[in-house]
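The shown structure was predicted, so the numbers you read here are calculated from the model rather than taken from an experiment.
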Amino acid sequence: MAAKARVSLTGLLVAATWACLSVVAASAFDVPTVAFEERFSPLFGDGNLFRSSDDRSVRLLLDRRSGSGFVSSDYYLHGFFSASIKLPKDYTAGVVVAFYLSNGDVYEKTHDELDFEFLGSRWGGQWRVQTNVYGNGSTSHGREERYLLPFDPTLEAHSYSVLWAPTHIIFYIDDTPIREVIRHPDMGGDFPAKPMAVYATIWDGSAWATDGGKYKVNYKYAPFASDFSELAIVGSRADPVLRVPRRHAHQDLLGLMTADYAVMTPQKRAAMRAFRARQMTYTVCYDAVRYADGPFPECDNSDEERESFSAWGDSKTVVMRPRARGRRRGRKACAGARGRADVSSS
């Protein structure tokens with residue numbers, strides 16, 4: 001029988017940083033978690049994939065021989081997909097950990113994809129996260145954003161979730177939405193619309209992941225280990241070729257669209273904007289060099305906000321800086337924040 005993971009909604013934002021967020025009158029998501037064998041199977045690097053004795057967590061390793069990964073046993077047409085992830089520590093330049101949805105094995109040239117990509121660093125704990133939205137093979141004009149993580153993701157697991165509905169997409173970190181993509185008529189096929197499977201991988205991204213490939217994976221620090229737990233899938237199983245749910249599609253979609261994680265309240269939107277102002281290092285919405293024709297139709301741009309970004313879409317104010325070793329700020333001020341105030345970013 002499925003266990004229940006408690007994922008709380010964000011309440012009112014009462015401080016300037018993520019570490020001092022407080023939840024006021026928050027309700028909670030009841031998201032059923034699953035054992036690995038219920039919904040997943042190994043994808044590659046079997047010798048580098050280790051399942052816990054209770055089959056509810058998985059460790060993925062990257063070493064000189066191989067990376068590793070797993071994939072859902074089914075495809076889904078819309079849903080809520082979540083995992084708690086603890087990332088590798090120490091020197092992780094070139095390492096990429098990913099939690100994502102894709103149908104690339106069925107639609108090679110017209111695939112859809114929704115990504116969390118975690119990009120390693122020369123400095124322990126200074127991981128970045130990138131979110132991607134691709135529809136119908138639109139990687140050549142993809143919708144990427146990058147953010148600094150406002151905590152050290154190597155100290156404990158944090159929850160990363162994607163809500164994919166017919167009308168909108170929301171990316172969550174823990175209980176805070178960090179990105180919302182509302183389906184605009186002019187997006188056309190760029191909005192993901194075909195059934196996708198769920199993937200988790202760790203691999204060598206030396207060619208691009210850290211400073212455009214300047215810093216490679218250093219296997220002196222291998223094996224690199226990433227832990228996945230509290231795996232959750234709430235969605236309609238679907239045939240990837242026929243593109244239709246297998247059963248109870250109407251009921252499943254109604255439940256999805258009315259769930260707390262699918263509804264963007266004013267409080268959640270305020271928390272999202274605060275996160276983006278403090279943590280977002282790049283957004284496709286202000287990249288006037290790669291996309292000279294102007295912002296994508298779903299972008300909510302403003303002239304005032306544009307001043308904070310370069311022509312390449314990079315933030316002028318949010319930049320990665322080395323974290324002082326052994327230094328933990330915010331513990332005294334935010335002692336009740338369950339350890340997530342231990343390390344702050346830029």
Are [X] and [Y] linked, directly or through other ILVMFWY residues, by side chains that come within less than 4.5 angstrom of each other?
| X | Y | answer |
| --- | --- | --- |
| L114 | Y199 | no |
| F275 | F309 | yes |
| L77 | I233 | yes |
| F40 | V58 | yes |
| Y100 | V181 | no |

Would you tell me whether [X] and [Y] have side-chain atoms, one donor and one acceptor, within less than 3.5 Å of each other?
| X | Y | answer |
| --- | --- | --- |
| S236 | D252 | yes |
| E305 | Y286 | yes |
| N132 | E113 | no |
| Y282 | D287 | yes |

Counting only N and O atoms by type, is there a donor-acceptor contact under 3.5 Å from the side chain of [X] to the main-chain atoms of [Y]?
| X | Y | value |
| --- | --- | --- |
| K194 | T110 | yes |
| D227 | A157 | no |
| T281 | S315 | no |
| S52 | S57 | yes |
| R276 | I178 | yes |
| K86 | S229 | no |

Applying side-chain hydrogen bond (donor to acceptor under 3.5 Å, both in side chains), name anything that partners S102, two or more places apart in sequence or on another chain. none
Please enumerate all residues that pass side-chain hydrogen bond (donor to acceptor under 3.5 Å, both in side chains) together with S206, with sequence neighbours excluded. D204
Output the distance between atom [atom1] ([X]) and atom [atom2] ([Y]), rounded to the nearest 0.5 Å.
| X | Y | atom1 | atom2 | value |
| --- | --- | --- | --- | --- |
| I182 | H184 | CD1 | NE2 | 10.0 Å |
| F99 | S82 | CZ | OG | 6.0 Å |
| I202 | N48 | CD1 | CG | 9.0 Å |
| F118 | I85 | CZ | CD1 | 4.0 Å |
| L101 | D112 | CG | CG | 10.0 Å |

NZ/NE/NH1/NH2 to OD/OE distance under 4.0 Å, D54 and R56: no
Going by heavy atoms in the side chains, are [X] and [Y] under 4.5 Å from each other?
| X | Y | value |
| --- | --- | --- |
| E38 | D55 | no |
| L231 | R39 | no |
| F191 | E298 | no |
| F50 | S68 | no |
| V319 | D314 | no |
| R128 | Y147 | no |
| P153 | V129 | no |
| R146 | L119 | yes |

Parallel, tilted or perpendicular: ring planes of [X] versus [Y], cut at 30 and 60 degrees:
| X | Y | value |
| --- | --- | --- |
| F151 | Y160 | tilted |
| F80 | Y261 | parallel |
| Y221 | Y91 | parallel |

Sole candidate of E144, R143, R179, E145 that passes side-chain hydrogen bond (donor to acceptor under 3.5 Å, both in side chains) when paired with T131: R179
Kindly determine whether T154 and D152 satisfy side-chain hydrogen bond (donor to acceptor under 3.5 Å, both in side chains), including the steps that lead there. CA-CA 5 Å; T154 72; D152 187 335; 2.6 Å; yes
For Y219, is the NZ or CZ atom of R64 found under 6.0 angstrom from the centre of its six-membered ring and inside 45 degrees of the ring axis? no
Have a look at F224 and tell me which of D63, V217, L61, L60 forms a side chain to side chain contact (heavy atoms under 4.5 Å, CB included) with it. V217
